[in-house]
Protein chains: 2
Amino acid sequence: MADRPYTAVIDRLREVGLRPTRQRLALARLLFDTGDRHVTAEQLHGEAVTTGISVSLATVYNTLHQFTESGLLREVVVEAGRSYFDTNIANHHHFFETKSGHLIDIPADQVTIGSLPTAPNGAEIEQVDLIIRVRRRA
Amino acid sequence: MADRPYTAVIDRLREVGLRPTRQRLALARLLFDTGDRHVTAEQLHGEAVTTGISVSLATVYNTLHQFTESGLLREVVVEAGRSYFDTNIANHHHFFETKSGHLIDIPADQVTIGSLPTAPNGAEIEQVDLIIRVRRRA
DNA sequence: AACTGATCTAGAACAATTCTAAAAACCTTG
DNA sequence: CAAGGTTTTTAGAATTGTTCTAGATCAGTT
């Protein structure tokens, strides 16, 4: 954020083997410079445009997926038909407010999942998603 | 399945306040007469058509949602852009094979989730979904 | 049988996402 | 620093899964 605001982001992209293009840098800053967030592709695209960054929606989708594959983001699926991307890649869980569509992080240490069953057919566990759906009382 | 194959299903629908129409009965039998299953709307519609039951896709969607609201089904969201409906409404969890898109039930007693955090703002917990994403080794 | 509200339907509409092929940007190398 | 080859971006079309709509049909009375 100081003199050379991009160096940190550039390094972060380089580390995972992604070329630091103008679009990826801009999106990375929107995503990672503001603490943990949950965004949809449309949301992020809207932010970018508002901020004066010219980037197409297709690129936002591409970038979000590349970031996810590189482990910079985590995709959270809560509603059929909408994908959230979570900038918090630490092990944690989620509350999902069904009414508002809002996601809230739950730190991993606030939940204990004991004795996971072994995956079938010698499959490898990729991710454990615990989503607690809540309805806010009116 | 014997003499009067529909009576059980009719009662089941009546209990939850749904009129036992031809379409609902047919779909209910496809869903509930074969043990636990995970289906998408398109799948179920395909089955119905194949079985010679004339029912529109819109009705399949309506019916699946009505059944879900009535507690006869449970909706499982694993992939953005596709909804599964689970005929197993007992408390349980899921493996999700990312490659094949296959869902596998995990009985509740094979996992222990201890100390759920309290929901924010006095919200009420509606459902707890634990999904373990696995990748089958080639 | 007639009536009335619930249900069903085909097809249009919709929203989120992916695809496509061409243009632009990036990073060498000479 | 220009040329060249590759990667990335882009606008717009295409696709997918789902919902909506308005009219037709059905279920359960009276």
Side-chain angles (χ1 to χ4, degrees), chain A residues 6 9-11 13-14 16-30 38-49 51-70 72-73 75-85 98 101 103, chain B residues 6-7 9-28 30 38-49 51-70 72-73 75-85 98 101 103:
Chain A
Y6 283 100
V9 174
I10 289 175
D11 290 348
L13 292 185
R14 283 250 166 76
V16 298
L18 289 174
R19 272 202 203 171
T21 65
R22 188 161 36 79
Q23 291 82 343
R24 293 211 266 242
L25 288 173
L27 294 176
R29 298 201 65 197
L30 285 176
H38 304 108
V39 289
T40 65
E42 302 268 1
Q43 261 171 46
L44 185 61
H45 181 244
E47 278 180 39
V49 170
T51 321
I53 300 156
S54 160
V55 60
S56 76
L57 185 56
T59 298
V60 174
Y61 274 103
N62 289 341
T63 304
L64 286 173
H65 287 137
Q66 289 156 354
F67 283 10
T68 303
E69 272 155 39
S70 311
L72 262 35
L73 289 177
E75 190 172 355
V76 184
V77 182
V78 273
E79 293 180 296
R82 173 172 280 106
S83 255
Y84 287 87
F85 293 87
T98 47
L103 270 174
Chain B
Y6 282 100
T7 47
V9 174
I10 290 174
D11 290 349
R12 193 140 178 210
L13 292 185
R14 283 248 166 77
E15 272 167 33
V16 298
L18 289 173
R19 272 201 203 170
T21 64
R22 187 162 37 80
Q23 290 82 343
R24 292 211 265 241
L25 288 174
L27 294 176
L30 284 177
H38 303 107
V39 289
T40 65
E42 302 268 1
Q43 260 172 45
L44 185 61
H45 181 244
E47 279 181 37
V49 169
T51 321
I53 299 155
S54 158
V55 59
S56 75
L57 185 55
T59 298
V60 172
Y61 274 103
N62 288 341
T63 304
L64 285 172
H65 287 138
Q66 289 157 353
F67 283 9
T68 303
E69 272 155 40
S70 311
L72 261 37
L73 289 177
E75 190 172 356
V76 184
V77 181
V78 273
E79 292 180 296
R82 172 171 281 106
S83 255
Y84 287 86
F85 293 88
T98 45
L103 272 173

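Order of the sequence lines sets the chain letters (A, B, ...), proteins ahead of strands, with each chain counted from 1.
Phosphate proximity of C/dT18 to A/Tyr61: absent, as no side-chain N or O sits under 4.0 Å from OP1 or OP2. Residue A/His65 places at least one side-chain N or O closer than 4.0 Å to OP1 or OP2 of C/dT18. The side chain of B/Ser56 places an N or O atom within less than 4.0 Å of a non-bridging phosphate oxygen (OP1 or OP2) of C/dT9.
The side chain to side chain contact (heavy atoms under 4.5 Å, CB included) test applied to B/Gln66 returns B/Leu18, B/Arg24, B/Asn62, B/Thr63, not counting sequence neighbours.
When only modelled atom types and interatomic distance are considered, B/Thr59 and B/Gln23 share no side-chain donor-acceptor pair under 3.5 Å. Checking A/Ser83 against A/Glu75 by side-chain atom types alone, a donor-acceptor pair falls below 3.5 Å.
One can place CG of B/Leu64 at 15 Å from C1' of C/dC8, the figure rounded to the nearest angstrom. Between B/Gln43 atom CD and D/dG17 atom P there is a gap of 11 Å when expressed in whole angstrom units. Rounded to whole Å, the distance from CG on A/Asn62 to C1' on C/dA16 is 15 Å. Here the P atom of nucleotide D/dT8 and the CD atom of A/Gln66 are 7 Å apart, to the nearest Å. Taking atom CZ on B/Arg82 and atom P on D/dG17, their separation rounds to 5 Å, with Å as the unit. Atom CG of B/Leu57 and atom P of D/dG17 are 10 Å apart (whole Å).
Judged purely by atom type and a 3.5 angstrom limit, B/His45 has no side-chain atom pairing as donor or acceptor with the backbone of B/Val60.
Among the protein residues, A/Thr63 comes within range of no part of the nucleic acid, since none of its heavy atoms lies under 4.0 Å from any strand. Using a 4.0 Å heavy-atom cutoff across all strands shown, B/His45 reaches no nucleic acid atom at all. Backbone-only engagement by A/Ser83 is indicated by non-hydrogen atom pairs under 4.0 Å involving sugar-phosphate atoms exclusively.
Sequence order on DNA chain C of the closest nucleotides to B/Arg24 and A/Phe85 puts B/Arg24 first from the 5' end.
The minimum heavy-atom distance between A/Ala41 and A/Leu57, with the atom names listed, is O-CD1, 4.2 Å. Taking all atoms of both residues into account, the shortest heavy-atom contact from B/Val9 to B/Ala28 is CG1-CB, 3.4 Å. Contact detail for A/Ala48 and A/Val55: the closest heavy-atom pair is CB-CG1, 3.6 Å. Contact record, B/Pro20 with B/Leu13: CA-CD1, 3.9 Å, taken as the closest heavy-atom pair.
Helix-axis bend for the helix from C/dA1-D/dT30 to C/dG30-D/dC1: the local axis fitted to the five terminal pairs at one end deviates from that at the other end by 20°, rounded to 10°.
Taken from OH in A/Tyr61 to CZ in A/Phe85, the straight-line distance is 8.0 Å, to the nearest 0.5 Å.
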Polar atom pairs between nucleotides 22-26 of chain C and protein, under 3.5 Å, N or O only, would you list them?
none

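Listed candidates were D/dG12, C/dA16, C/dT9. Nearest to the side chain of A/Ala58 is D/dG12.
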